[in-house]
Amino acid sequence: MISRSLLLLRRVTRQLWFRVVAISLFSLLALAVAPLLAPILPQEWENRFGRDAVLPVLNILATGMLAVTTFSLNVMVSAYRTASTMATPRVYRLLLEDTVTQSVLATFTGGFVYSLSAIILFRARLYPPGAAFVVFVMTVLVVALIVIAILRWIDHLSDLGSMDHTLRLIETRTRNSLQARKDTPSLGGCCDTSEPPADARPIAAAESGFVRFVDMPALNARAEEAGVTIHLTRLPGEFVLRGRPLAMAQGGDEDFCTEATGLIDIGDVRSFEQDPAFGLTLLAETAQRALSPGVNDPGTAIEVMGRIERLLWETLPDGTETEGGEVRFPHIHLPPVTAQELLKACFPPIARCAEDAPEVMQWMDKALSELEHHPNTAMTKAARKMHNSFFD
């Protein structure tokens with residue numbers, strides 16, 4: 001279970017601008033090191049690879065990389081908008097975290113910043129004569145990186161924005177989230193489905209929005225220090241209004257509750273980190289879009305249900321939700337995510353839109369029948385109950 005600071009760091013590193021800025025700064029650092037390496041180079045190298053050898057290459061890079069970067073950004077935005085239209089608008093934020101696209105665009109931007117900065121330094125005569133060879137070697141490396149990035153970009157464009165790529169991306173993130181919840185059914189806290197004690201003090205939400213992340217390590221450490229037991233009443237993925245209880249603190253004072261509020265992240269949109277049902281919801285929304293009269297694509301809805309069935313079969317624990325899982329944060333009590341909640345996040349929305357698509361309902365009949373044989377007894381009961389409600 002990661003802390004909130006590591007989560008924020010991971011969210012920052014997944015932003016497109018982070019890689020662009022990082023590679024651009026690295027290119028500037030490489031240019032700054034060039035004059036320091038010049039004195040140790042042989043004189044004949046300086047005479048062979050001077051300013052006249054490297055400046056034409058830098059001019060080509062500066063001109064070409066600006067055009068390539070602009071074109072690639074247009075392609076990325078168009079592809080992501082198309083994917084959002086075909087699947088669900090909420091997938092756009094997930095597509096923006098595509099590491100291949102980020103790395104390619106960062107390489108193109110870094111190459112432009114490198115070449116333009118090198119031209120400025122040469123024209124301003126801030127480089128000694130020997131630095132030209134160092135810049136020439138660096139330029140060759142930059143060209144090699146750009147060629148590799150172009151090849152990766154060409155290969156990635158064949159799949160970017162397609163339904164297959166979008167569904168694969170959602171399924172991967174959903175699998176990771178479900179697997180994490182499988183390993184820690186109650187986020188590492190104590191599994192507790194009972195009501196909080198009557199004398200517990202409410203920990204109120206500082207703002208309205210979705211519960212996105214609970215910093216379990218920091219919250220447990222603070223509760224242990226204060227001798228408090230925390231009962232979470234709003235799990236990640238649930239919506240809460242400002243001033244309404246997020247949790248109940250048994251034995252905590254007002255100062256503790258105020259401090260605990262800052263350890264629970266609330267935002268406008270849901271996230272995958274501690275919300276395994278979010279990915280299932282995105283898959284269900286994609287199937288609903290495919291079944292809309294304007295699209296009428298039952299094949300995509302069937303493919304989505306196949307992915308949902310695979311996720312639920314492979315990522316749920318064999319026992320019930322309350323079994324297994326190491327209790328790492330004993331001062332925090334919360335209910336687990338149940339099999340019934342996971343099923344409700346995906347199958348009922350699809351069923352509502354598939355009334356006129358018998359082939360989709362046949363697949364749902366088969367999927368729920370298969371899930372009735374799941375090793376997890378809670379999933380077996382939930383699948384049987386839902387199957388009977390739909391088809392009996």
Side-chain angles (χ1 to χ4, degrees), residues 1-2 4 7 10-11 14 87-88 90-91 93-94 97 166-193 209-216 232-240 264-267 269-287 304-329 332 334-350 367-368 371 374-383 386:
M1 185 63 61
I2 63 174
R4 188 179 183 184
L7 174 68
R10 188 166 67 178
R11 286 178 180 175
R14 286 177 177 174
T88 169
R90 272 151 293 285
V91 79
R93 292 181 293 272
L94 185 59
E97 297 178 1
T166 304
L167 290 178
R168 187 167 57 248
L169 193 60
I170 299 175
E171 183 182 0
T172 300
R173 292 296 299 274
T174 306
R175 181 180 297 275
N176 294 338
S177 183
L178 285 168
Q179 186 64 46
R181 186 54 70 97
K182 176 182 178 180
D183 298 335
T184 55
S186 297
L187 300 178
C190 296
C191 182
D192 187 357
T193 57
F210 290 98
V211 179
R212 292 162 53 87
F213 182 79
V214 180
D215 192 345
M216 297 291 287
L232 287 179
T233 57
R234 299 282 186 175
L235 298 181
E238 297 185 29
F239 192 85
V240 63
I264 301 177
D265 181 36
I266 298 177
V269 295
R270 296 168 67 178
S271 65
F272 282 92
E273 281 81 13
Q274 295 178 343
D275 184 6
F278 182 44
L280 297 175
T281 301
L282 293 185
L283 288 172
E285 290 178 351
T286 303
V304 166
M305 281 195 293
R307 293 176 183 270
I308 292 174
E309 184 180 358
R310 179 168 58 198
L311 285 169
L312 294 176
W313 182 266
E314 296 178 355
T315 59
L316 260 68
D318 292 342
T320 62
E321 292 89 352
T322 57
E323 294 177 352
E326 178 185 0
V327 178
R328 299 170 53 192
F329 312 112
I332 304 177
L334 68 157
V337 175
T338 64
Q340 183 178 0
E341 292 172 347
L342 294 177
L343 288 178
K344 287 177 63 177
C346 47
F347 283 111
I350 299 176
L368 290 173
L371 290 175
H374 199 289
N376 187 312
T377 56
M379 174 56 72
T380 298
K381 295 177 181 178
M386 184 167 291

**Prompt:** With sequence neighbours left out, what residues match Thr281 under side chain to side chain contact (heavy atoms under 4.5 Å, CB included)?
**Reply:** Arg270, Glu285, Ala345
**Item:** Inter-residue atom distance Leu178.CG - Phe278.CZ, 0.5 Å rounding
**Value:** 13.0 Å
**Contact list for residues 337-348, test salt bridge (Lys or Arg N to Asp or Glu O under 4.0 Å), sequence neighbours left out** = none
**Asked** Taking only residues two or more places apart in sequence or in another chain, which ones pass side chain to side chain contact (heavy atoms under 4.5 Å, CB included) with Ser177?
**Response** Pro276
**Request:** Can you sort out the partners of Arg307 under side chain to side chain donor-acceptor pair (under 3.5 Å), two or more places apart, ordered by chain and number?
**Result:** Glu171, Glu303
**Prompt:** Roughly how far, to the nearest 0.5 Å, is the CG atom of Leu368 from the CG atom of Leu312?
**Reply:** 9.5 Å
**Complete:** Sequence neighbours excluded, the answer for side chain to side chain contact (heavy atoms under 4.5 Å, CB included) partners of Arg11 is Leu7, Leu8, Arg212, Phe213, Asp265, Ser271, Glu273
**Prompt:** Considering all heavy atoms of both residues, which atom of Cys346 and which atom of Leu280 are nearest to each other, and what is their separation?
**Reply:** CB-O, 4.0 Å
**Complete:** Those residues at least two apart in sequence (or on a different chain) that pass side chain to side chain donor-acceptor pair (under 3.5 Å) with Glu238 are none
**Request:** Can you label the angle between the Phe239 ring and the Phe210 ring as parallel, tilted or perpendicular, going by 30° and 60°?
**Result:** perpendicular
**Nearest heavy atoms of Asp275 and Gly237, plus distance in Å** = OD2-CA, 3.2 Å
**Message:** Quick one, Leu316 with Leu311, criterion side chain to side chain contact (heavy atoms under 4.5 Å, CB included). Give me CA distance, side-chain angles, the key distance, then yes/no.
**Reply:** CA-CA 8 Å; Leu316 260 68; Leu311 285 169; over 6 Å; no
**Fill in**
Here the pair of heavy atoms bringing Leu343 nearest to Ala383 is CD1-N, 3.5 Å
**Request:** Determine, stepwise, if the pair Ile332 / Leu187 fulfils side chain to side chain contact (heavy atoms under 4.5 Å, CB included).
**Result:** CA-CA 9 Å; Ile332 304 177; Leu187 300 178; over 6 Å; no
